[in-house]
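Heads up, the thing below is written out as structure tokens.
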Amino acid sequence: SRGFNGFFGGKLLVLVDGRSIYNGIFSGIFWDAHDLPLDNIARIEVLRGPGAALWGSNAVNGVINIVTRSAQETQGGRVAVGAGNVDQHLLDVRQGGVSESAAWRLYARSRGRSDQELPGGGTANDSSHSQRVGFRIDSSPSPTAWMVSGEAQQGRSGGAPYPQSTTEDIRDYHLLGRLSRRLESGSTLQLQTYFDSSWRRDLAVRSALQEDIFDLDIQHDVLLTASQRLIWGGGWRQNRFSSVGSVKLAFVPDHQSRTVTSLFVQDEWEILPQELILIGGVRAEQLPRHGLQWQPSLRATWNPLPLHTFW
């Protein structure tokens, strides 16, 4: 996946707590709309190589999954303030609490950046500002666990550096829920659903774009033997796109809806304990205009030494 993370790169899947932030209109990721508070991030998982059999169409070159902290890990209050000549202001506020059945956190973030100076003089006219608020609720540890999180943000972005610098008003919000249960057999069943809405208006060309995503996923993780693990599941996703065109930029048709359904199975077999692992799987996706598509995968991972991996 190294070298393939362009602004319009559609072959690298990026997730935040299992929620895809891929934009289907431009086949890429608007990084300016995802300014996560660093203190809320628990870890960033990077999966190298093809992963479409398990993760879907965009995971051709790899997967990046940003995992945020649970509400139990962010108890109490926290305030962070920053100021500068370019990054004009930064304000992070967070408050967390806990009860007998669940833990929660609320947070808000405001950030502003001034125009950057050009080498030949003048400014790049790329100032930006954003304000966001969010929450997360996690149930207390038990065989049946659930989590609900949401966030809303608005602001103005200096835009992408290429193909040309733009200034855009942005607004988006999402709501995610996850339910997982550990069964008596030792397997884990998980259900996740989310709604994501994003809106952008380019001030130069006077066009506006909106994308709404409804997503539902189910996954069953089964430990067949001490050395073999089976994962299977399915998903349903609907993308709704609408736009307001202008003389400079217009989409035809100006609105569209598409639905993708999928089923997958993956078998992981540890041939040599902690040394040689064989992974095989297949994913079937029903795509509009393309019909049923198959994505098989067969990989092996060899760890001859603790710090060396070949795959």
Side-chain angles (χ1 to χ4, degrees), residues 4-16 19-35 52 55-61 63-64 124-130 151-176 193-217 234-262 283-295:
F4 287 91
N5 185 27
F7 183 75
F8 296 109
K11 300 299 186 289
L12 178 65
L13 179 64
V14 181
L15 307 170
V16 178
R19 175 180 60 90
S20 174
I21 60 175
Y22 173 81
N23 184 278
I25 302 174
F26 283 98
S27 299
I29 298 170
F30 289 108
W31 294 102
D32 53 358
H34 304 283
D35 183 23
W55 298 94
S57 302
N58 301 118
V60 176
N61 294 318
V63 180
I64 297 175
N125 193 28
D126 61 348
S127 64
S128 63
H129 63 83
S130 66
E151 186 179 87
Q153 72 111 2
Q154 66 173 4
R156 174 166 295 184
S157 168
Y162 57 87
Q164 64 180 4
S165 179
T166 60
T167 300
E168 299 177 332
D169 289 332
I170 57 177
R171 182 173 67 239
D172 62 72
Y173 59 91
H174 72 265
L175 182 65
L176 180 145
T193 184
Y194 66 83
F195 170 73
D196 192 321
S197 178
S198 61
W199 175 88
R200 303 179 74 91
R201 180 177 61 187
D202 192 311
L203 300 183
V205 301
R206 301 294 181 182
S207 65
L209 306 171
Q210 179 167 338
E211 183 179 36
D212 296 331
I213 300 175
F214 301 87
D215 186 274
L216 176 66
D217 292 286
W236 177 89
R237 175 180 296 182
Q238 185 177 74
N239 293 63
R240 295 180 181 177
F241 156 73
S242 61
S243 67
V244 177
S246 67
V247 176
K248 296 182 179 180
L249 177 64
F251 287 82
V252 179
D254 60 1
H255 66 279
Q256 196 174 52
S257 177
R258 55 178 241 154
T259 302
V260 177
T261 56
S262 62
R283 186 182 189 94
E285 284 190 333
Q286 181 70 31
L287 303 172
R289 299 183 182 180
H290 299 284
L292 185 63
Q293 300 290 311
W294 296 90
Q295 301 177 81

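What's counted below: heavy atoms across the whole structure, side chains too, no hydrogens, waters or symmetry copies.
Remark: I213 CD1 to S198 OG distance equals 6.5 Å, nearest 0.5 Å. Here the CZ atom belonging to R237 is positioned 7.0 Å from the CG atom belonging to D217, to the nearest 0.5 angstrom. In this structure, the separation between CG on D212 and OH on Y173 is 6.0 Å, given to the nearest 0.5 Å. In this structure, E285 CD and L292 CG are separated by 9.5 Å, a value rounded to the nearest 0.5 Å. Note that the CZ atom of F30 and the OG atom of S157 stand 9.0 Å from one another [nearest 0.5 Å]. Going from atom OG of S262 over to atom CD of Q293 covers 13.0 Å, rounded to the nearest 0.5 Å.
When all heavy atoms of D35 and S130 are compared, the closest pair comes out as OD2-OG, 4.3 Å. For I29 against L12, the heavy-atom pair with the smallest separation is CD1-O, 4.4 Å. Counting all heavy atoms, side chain and backbone alike, A33 lies closest to Q153 at O-NE2, 3.4 Å. The nearest pair of heavy atoms linking I170 to R156 is CG1-N, 4.5 Å. Across all non-hydrogen atoms, the minimal contact from A284 to W294 is CB-CZ3, 3.7 Å.
In this structure, the side chains of F241 and P253 stay at 4.5 Å or more apart for every pair of heavy atoms. Put simply, the side chain of R19 does not reach to within 4.5 Å of the side chain of F195, judged on heavy atoms.
No donor-acceptor pair under 3.5 Å is formed between the side chain of T261 and the backbone N or O of W236. Using a distance-only test at 3.5 Å, with no hydrogens or angles considered, a donor-acceptor pair links the side chain of T193 to the main chain of D215.
In summary, of the residues considered (E211, H174, E151), a side chain to side chain contact (heavy atoms under 4.5 Å, CB included) with D196 occurs for H174 alone.
In this structure, a donor-acceptor pair under 3.5 Å is absent between the side chains of Q256 and R258.
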Margin query: Walk me through whether W199 and S242 qualify under side chain to side chain contact (heavy atoms under 4.5 Å, CB included).
Written below: CA-CA 10 Å; W199 175 88; S242 61; over 6 Å; no
